[in-house]
Asks: 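Just dropping this structure here.
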Amino acid sequence: MADNINLRNLTLTMLLEVEESRKSHLVLSETLNAHSDLGKQERAFVTRLFQGTIERQIELDYIIDSFSKTKVKKMKPVIRNILRMSVYQLKYMDSVPESAVVNEAVKLATKRKFAGLKGFVNGVLRTIAREIDNLKLPTDIIDKLSVEYSVPRWIIEMWNEQYGEDVTKDILDGLYAHDDATTVRINTLHASADDVITNLEFNGVKVEKSDIDGVIFISGYDNLARLDVFKAGMIIPQDYSSCLVGTSADDKPESYVIDVCAAPGGKSMNIANLMNGEGVVEARDLSEQKVKLIEENIERCGYKNIKTKVQDATALDEDAIEQADLVIADLPCSGLGVMGHKVDIKYNVTSEGIEDLIKLQREILDVVSQYVKPGGELIYSTCTINKRENEENSRYIEELGFEKIEEQQLMPNAKQDGFYICKLVKQ
């Protein structure tokens, strides 16, 4: 088993990779796969320390800046991240003694060839450990919420303007309502829900049913990919909110469905399942790499009524004009609804970037709306919380000759991501 020093050193390496613009969920996945010998508790420690340090970065930097003469932005990346992960342990990991946090941080600075700064690291952390309960938060309410929830100020301002103070506070609370359970959808073309649940429980996995048929929450397992039912294609990881895209469609077994931005294929497989393996679902995406990912998932799960196609969603496919009974347009978006588990999104998205995304979303909608038959459906969805990308785009679709049937903005909580779904019918 790896000792705590090595686990912290491993976590530090991961944090430095994210600081070099790598996505946190990819860094975590690759690291855990590369260290498959780690025990369950060790994996849990690394995961929590890594994700928590990123998730709480604004708050951690505020705490460090409040007690350090050298501000975070002026520190060496190694020292900055040693302090961040150490302050996270001091505030959020009660099972780790303060003395151990400080001592291991000093050792880590030396290990990383910053022995000359070990006194600085020691002094700052001991001060924080002693004074953290006396920390003064900003008096401005937006600044205060930004620090408390580690969400950039401009995002809170946007939500406050669009949804009001009470809903904004609920969104922020929902982002931190973490649940250890993983949401999976049962592939009922392969096995019955009862058989899958029996298998999981027999292997020590805790199962909780949701209010969507075939969608369950599982916990208490070590590695999803090692579960027999996963390897056999009987379960598919898919967020609860995402599953609602399929259930909102009036899909019939003989339907022709086009999923225009399909990777990694969860929604396509969900629709294929709801169509009882009949009809045709065409799962499209921009690149060979993304389509290959869809094909790997289809093969593992054994779906026979899904075909794939490399297709730029902004480029008109004339052969598909008015051919589809249903078009699923789950489009690239700012991702503000999934910040609860993709913890670095909030630091990378910008208001300018959102304007570019809205332009892209409408460019795609101009094209893919043409694939829907008269009387057919278009389901527009995003994993964000932003009326500019959601409700305003739905109104834009209506101007393209559609009637809005229903829409819902799901807010994040312990069981689901923030997600927007709108169903429209072509006139």
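Hydrogens, waters and symmetry mates play no part in the numbers below; they use all other heavy atoms, side chains included.
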Asks: Run the side-chain contact (heavy atoms from CB on, under 4.5 Å) check on Thr308 and Ile298 step by step: do they pass?
Replies: CA-CA 10 Å; Thr308 60; Ile298 292 171; 3.8 Å; yes
Asks: Is there a side-chain contact between Asp37 and His35 (heavy atoms, below 4.5 Å)?
Replies: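 In short, these two side chains touch, coming nearer than 4.5 Å.
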Asks: Looking at Lys23 and Asp344, is any side-chain nitrogen of the basic one under 4.0 Å from a carboxylate oxygen of the acidic one?
Replies: no
Asks: Hey, is CD on Glu201 packed in by over 12 heavy atoms from elsewhere, all under 6.0 Å?
Replies: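 More than 12 within 6.0 Å, yes.
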Asks: Could you check whether any side-chain N or O of Asp417 sits under 3.5 Å from a backbone N or O of Val338, counting only pairs where one atom can act as donor and the other as acceptor?
Replies: no
Asks: Show your reasoning for whether salt bridge (charged side-chain N to carboxylate O under 4.0 Å, His left out) applies to Arg153 and Asp143.
Replies: CA-CA 6 Å; Arg153 178 187 171 92; Asp143 285 337; 2.6 Å; yes
Asks: Do Ile358 and Gln361 touch side chain to side chain, with heavy atoms closer than 4.5 Å?
Replies: yes
Asks: Using the side chain to side chain donor-acceptor pair (under 3.5 Å) rule, take Ser381 and Asp330 through it: C-alpha gap first, then chi angles, then the decisive distance, then the call.
Replies: CA-CA 5 Å; Ser381 62; Asp330 184 55; 2.6 Å; yes
Asks: Roughly how far, to the nearest 0.5 Å, is the CZ atom of Arg43 from the NZ atom of Lys40?
Replies: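 Nearest 0.5 Å value for the NZ-CZ distance: 10.5 Å.
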Asks: Heavy-atom distance under 4.5 Å between the side chains of Leu400 and Leu378, does that happen here?
Replies: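 Heavy-atom side-chain distance check fails, nothing below 4.5 Å.
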Asks: Assess the residue pair Met158 and Leu336 against the criterion (side-chain contact (heavy atoms from CB on, under 4.5 Å)); give the C-alpha distance rounded to whole Å, side-chain angles, the decisive distance to 0.1 Å, and a yes or no.
Replies: CA-CA 12 Å; Met158 180 184 72; Leu336 301 181; 3.6 Å; yes
Asks: Show the nearest heavy-atom pair for residues Asn187 and Gly233, with the distance to one decimal.
Replies: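 Between these two residues, the closest heavy atoms are ND2-O, 3.0 Å.
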Asks: If you round to the nearest 0.5 Å, how far is OH of Tyr303 from CG of Asn297?
Replies: 10.5 Å
Asks: Applying side chain to side chain donor-acceptor pair (under 3.5 Å), run through Asn305 and Glu278 and close with a yes or a no.
Replies: CA-CA 6 Å; Asn305 61 330; Glu278 301 178 31; over 6 Å; no
Asks: Between Tyr371 and Glu282, is any side-chain donor less than 3.5 angstrom from a side-chain acceptor?
Replies: no
Asks: Show your reasoning for whether salt bridge (charged side-chain N to carboxylate O under 4.0 Å, His left out) applies to Lys387 and Glu391.
Replies: CA-CA 5 Å; Lys387 290 188 177 183; Glu391 286 88 342; 5.3 Å; no
Asks: List the steps, then state whether side-chain contact (heavy atoms from CB on, under 4.5 Å) holds for Arg22 with Met14.
Replies: CA-CA 9 Å; Arg22 292 208 63 213; Met14 296 161 66; over 6 Å; no
Asks: Can you find a pair of side-chain heavy atoms, one from Ile63 and one from Lys91, that are under 4.5 Å apart?
Replies: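 With C-beta onward as the side chain, the pair touches.
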Asks: How many angstroms lie between CZ in Arg284 and OG in Ser268, if you round to the nearest 0.5 Å?
Replies: 11.0 Å
Asks: Run through Val18, Leu32, Leu15 and flag the one making a side chain to side chain contact (heavy atoms under 4.5 Å, CB included) with Val27.
Replies: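 Of Val18, Leu32, Leu15, side chain to side chain contact (heavy atoms under 4.5 Å, CB included) with Val27 is met by Val18 alone.
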Asks: Within the side chain of Thr168, is there an N or O that forms a donor-acceptor pair under 3.5 Å with the backbone of Trp159?
Replies: yes
Asks: Does atom CD of Gln427 have more than 12 heavy-atom neighbours, drawn from other residues, nucleotides or ligands, at distances under 6.0 Å?
Replies: yes
Asks: Using modelled atom types only, decide if a donor and an acceptor are shared between the side chain of Gln323 and the backbone of Lys373 within a distance under 3.5 Å.
Replies: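 No, Gln323 side chain to Lys373 backbone: no donor-acceptor pair under 3.5 Å.
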Asks: For residues Arg112 and Thr13, report the shortest heavy-atom separation together with the two atoms involved.
Replies: NH2-OG1, 2.6 Å
Asks: Between the side chains of Tyr149 and Asp173, does any donor sit under 3.5 Å from an acceptor?
Replies: yes
Asks: More than 12 heavy atoms of other residues, nucleotides or ligands under 6.0 Å from CG of Asp166: yes or no?
Replies: no
Asks: Between Ser150 and Tyr176, is there a side-chain heavy-atom distance shorter than 4.5 Å?
Replies: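 They are in side-chain contact.
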Asks: More than 12 foreign heavy atoms under 6.0 Å from CG of Asp180: is that the case here?
Replies: no
Asks: For Tyr92 and Glu55, what are the C-alpha separation, side-chain angles and deciding distance, and is it a side chain to side chain donor-acceptor pair (under 3.5 Å)?
Replies: CA-CA 12 Å; Tyr92 291 105; Glu55 187 172 43; over 6 Å; no
Asks: Please name the pair of heavy atoms, one in Val196 and one in Ala191, separated by the smallest distance, quoted to 0.1 Å.
Replies: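 Where Val196 meets Ala191 most closely, the heavy atoms are CG2-CB, 3.9 Å.
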Asks: Would you mind reporting whether Tyr62 and Pro138 have side-chain heavy atoms less than 4.5 Å apart?
Replies: yes
Asks: Quick one: are Pro412 and Ile171 in side-chain contact, heavy atoms under 4.5 Å?
Replies: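 Yes; the side chains approach each other to less than 4.5 Å.
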Asks: Are there over 12 heavy-atom neighbours, none belonging to Lys292, within less than 6.0 Å of that residue's NZ?
Replies: no
Asks: Take Asp179 and Phe217 through the test side-chain contact (heavy atoms from CB on, under 4.5 Å) and record every step on the way to the result.
Replies: CA-CA 10 Å; Asp179 192 318; Phe217 308 110; over 6 Å; no
Asks: Looking at side-chain heavy atoms only, is the closest gap between Pro332 and Ile364 below 4.5 Å?
Replies: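 The answer is yes, as the side chains (C-beta and beyond) meet within the 4.5 Å cut-off.
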Asks: Might you confirm whether atom CD of Glu254 has over 12 heavy atoms from other residues, nucleotides or ligands at distances under 6.0 Å?
Replies: yes
Asks: Sub-3.5 Å donor-acceptor pair from the side chain of Asp65 to the main-chain atoms of Val72, do we have one?
Replies: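 Flag set: sc Asp65 to bb Val72 pair under 3.5 Å.
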Asks: Side chains of Asn273 and Thr188: is there a donor and an acceptor less than 3.5 Å apart?
Replies: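 Yes, side-chain donor-acceptor contact under 3.5 Å.
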Asks: About how many Å separate CG of Asn103 and CG of Leu125, when rounded to the nearest 0.5 Å?
Replies: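 Output value for this atom pair is 10.0 Å.
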Asks: Please check: side-chain N/O of Asn33 versus main-chain N/O of Ser29, any donor-acceptor pairing under 3.5 Å?
Replies: yes
Asks: Nearest 0.5 angstrom please: Ser248 OG to Glu407 CD, how far?
Replies: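 One finds 12.0 Å between OG of Ser248 and CD of Glu407.
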Asks: Treating Ser255 as the side-chain partner and Val257 as the backbone partner, does any N or O pair qualify as donor plus acceptor under 3.5 Å?
Replies: no
Asks: Answer with yes or no whether the side chains of Gln51 and His178 bring together a donor and an acceptor at under 3.5 Å.
Replies: no
Asks: For the pair Asn203 (side chain) and Val205 (backbone), establish whether a donor and an acceptor sit closer than 3.5 Å, ignoring hydrogens and angles.
Replies: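 Not confirmed, Asn203 side chain does not pair with Val205 backbone.
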Asks: Quick one: do Asp194 and Ser192 satisfy side chain to side chain donor-acceptor pair (under 3.5 Å)? Show the steps, please.
Replies: CA-CA 5 Å; Asp194 288 343; Ser192 71; 5.5 Å; no
Asks: Got a donor-acceptor contact below 3.5 angstrom from the Arg84 side chain to the Thr53 backbone?
Replies: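 Looks like no, no N/O pair under 3.5 Å.
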Asks: Counting only N and O atoms by type, is there a donor-acceptor contact under 3.5 Å from the side chain of Lys290 to the main-chain atoms of Ala263?
Replies: no
Asks: Has the side chain of Asp285 got a donor or acceptor atom that lies under 3.5 Å from a matching backbone atom of Ala262?
Replies: yes
Asks: Side-chain donor-acceptor pair under 3.5 Å between Ser334 and Glu389, yes or no?
Replies: yes
Asks: Which atom names give the shortest non-hydrogen contact between Leu90 and Glu98, and what distance separates them?
Replies: CD2-CG, 3.8 Å
Asks: Just how far is it from atom OH of Tyr88 to atom CE of Met93, taken to the nearest 0.5 Å?
Replies: 6.5 Å
Asks: CD of Gln289: more than 12 outside heavy atoms within 6.0 angstrom?
Replies: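 Count not over threshold, so no.
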Asks: Any side-chain donor-acceptor pair under 3.5 Å between Arg48 and Thr11?
Replies: no
